[in-house]
Protein chains: 2
Amino acid sequence: MTATDATAERLPLRERKKLRTRQALIDTALRLFTERGFDGTTLDELCDAVEVSKRTFFRTFPSKEDVAMAPTQDLWAAFLEELEGREPAGGTVLALLQASLYAALDRMTDEGWADRVRLSLRLTAATPSMDARGRHFCDRTLRTAVALLHRKLDLQDPRDLRPRLALDLLLAGFQCALETWVAQPGDPGRAALVAEVRTAFAAIPDALTFEATPPSA
Amino acid sequence: MTATDATAERLPLRERKKLRTRQALIDTALRLFTERGFDGTTLDELCDAVEVSKRTFFRTFPSKEDVAMAPTQDLWAAFLEELEGREPAGGTVLALLQASLYAALDRMTDEGWADRVRLSLRLTAATPSMDARGRHFCDRTLRTAVALLHRKLDLQDPRDLRPRLALDLLLAGFQCALETWVAQPGDPGRAALVAEVRTAFAAIPDALTFEATPPSA
DNA sequence: AGGGTTGTGCCACTCGGTAACACAAGTGAT
DNA sequence: ATCACTTGTGTTACCGAGTGGCACAACCCT
């Protein structure tokens, strides 16, 4: 319907159908989960609403949690693609990573993307099992990216922790940005998110030198 | 049997029994999960082995995953206590956090602790649902610590990201240390883990300034 | 010893997730 | 158009995690 249409214009009919039910599942899931809560919605109800069998659901998504986290997962997939496409040429690794993330954000041109991400994040914050799953996914992406960096930078020592730590910083900053963005009133769009990301990234260097002065002093 | 004995010397009989079955569940779970795999072991089998009803299991642990992650959770609880007990007095926040973690590690004096953690981590690495749950727990600890820091440092701006980022760095470094430690041959003890932590923490400043030089140059 | 409290075992149940198999729908040929 | 072939879907039956309710036993206090 909304997101994948541009890229799926001329696919075989079968594939288009699959994408349509996939998108319907995502949208309906976000709606139902938001209305009745994640645990308050059974998979059967969701499948009834979309008129799909439970079997089909699990062919499309690996778990109940994943259907509501598709929007953010798209972003991370784009991030990995961007990182893959970039060549290291001067500047810090952290800057390279940040540039990839900005580019990935720029690619999320879909109309409802920001709203879906917002719904998804609110659900994640309210649902432990979704939170857990989300962090697991994040970590898998991080590991893929670490391996990619090691390859791209041609690092001799596989135990060199610097790429890993840089990625952790990127992730931490982005998480912060997402949290403040999703807490904003109204429906701030993608641009507002990018602004938050810039703020968060700007705070990174200070985090190391941040002095622990006692409050009385 | 092993860990909580020192502190539980003279508790009411009922509490001691509870702790004993708890410890038995942890040890048996680590053994069974390691032998047959996490998914290859049903809760019924575990409960039969410990001679406890499934109902009792869920009164002791909130999920099947948690029983195998108790050792690390003990460490994080100790970390929070240490952080709570320390007063900020000069030095960076990051150093304060690192000191708390070292102190928490020093408190894990239990004989089998290192071995249990190793088993637990290997299981976690091999079991997605355990990994997810573990990261969720880590994040909850992080949030508690962030709130604690904001209170202790008497920060005016609740959106100040520096404590959060510093904690993320601490966590990232510790995760790195755990991974390399658990991959070491033999059964390195707690001291070896502390050494790995020092190495990882030493790499943190470099992560920011790490240059992305192309491999050809 | 006896009454109150608290943990435990058993039973039945819901729901997420999977396997097997039959069937319908899309695809590509003649 | 129609035929075989491939591929996605629905149905049924099932397993295992996790929960609620209730009776019962074990501990604790006096």
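Letters A, B, ... are given to chains in the order of the sequence lines, protein chains preceding strands, and every chain is numbered from 1.
Note on B/Arg159 versus A/Glu179: no salt bridge recorded, every NZ/NE/NH1/NH2 to OD/OE distance being 4.0 Å or above. Salt-bridge formation is not detected for the pair B/Arg140/A/Asp131: no Lys NZ or Arg NE/NH1/NH2 atom is positioned less than 4.0 Å from an Asp or Glu carboxylate oxygen.
As rounded to whole Å, 13 Å separates atom C1' of D/dA17 from atom CG of B/Asp66. Rounded to whole angstrom, the span from the CZ atom of B/Arg14 across to the C1' atom of C/dG7 amounts to 6 Å. B/Asp48 has its CG atom 12 Å from the P atom of D/dA17, to the nearest Å. If you measure from atom CZ of A/Phe61 to atom P of D/dT9, you get 12 Å, rounded to the nearest angstrom. Counting to the nearest Å, the P atom of D/dA26 and the CZ atom of B/Arg20 are 14 Å from each other. Rounded to an integer number of Å, the gap from CD of B/Glu51 to P of D/dA25 is 18 Å.
An OP1 or OP2 oxygen of C/dG7 is reached within less than 4.0 angstrom by no side-chain nitrogen or oxygen of B/Lys17. Contact annotation: A/Thr56 reaches the phosphate of D/dG10 (side-chain N/O to OP1 or OP2, under 4.0 Å).
Residue pairs meeting the salt bridge (charged side-chain N to carboxylate O under 4.0 Å, His left out) criterion with at least one member in residues 42-57 of chain A, sequence neighbours excluded: A/Arg36-A/Glu45.
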Counting primed atoms plus P, OP1 and OP2 as sugar-phosphate and everything else as base, spell out the protein contacts along nucleotides 14-23 of chain C at 4.0 Å heavy-atom distance: B, S or - for each nucleotide, 5' to 3'. -SBBBBB---
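Taking the centre and axis of the six-membered ring of B/Phe137, the NZ or CZ atom of A/Arg135 falls outside the cone set by 45° and 6.0 Å. Both tests hold for B/Arg118 against B/Trp181: distance to the six-membered ring centre under 6.0 Å, angle to the ring axis within 45°.
Aromatic ring orientation, A/Phe57 versus A/Phe61: tilted (interplanar angle from 30° to 60°).
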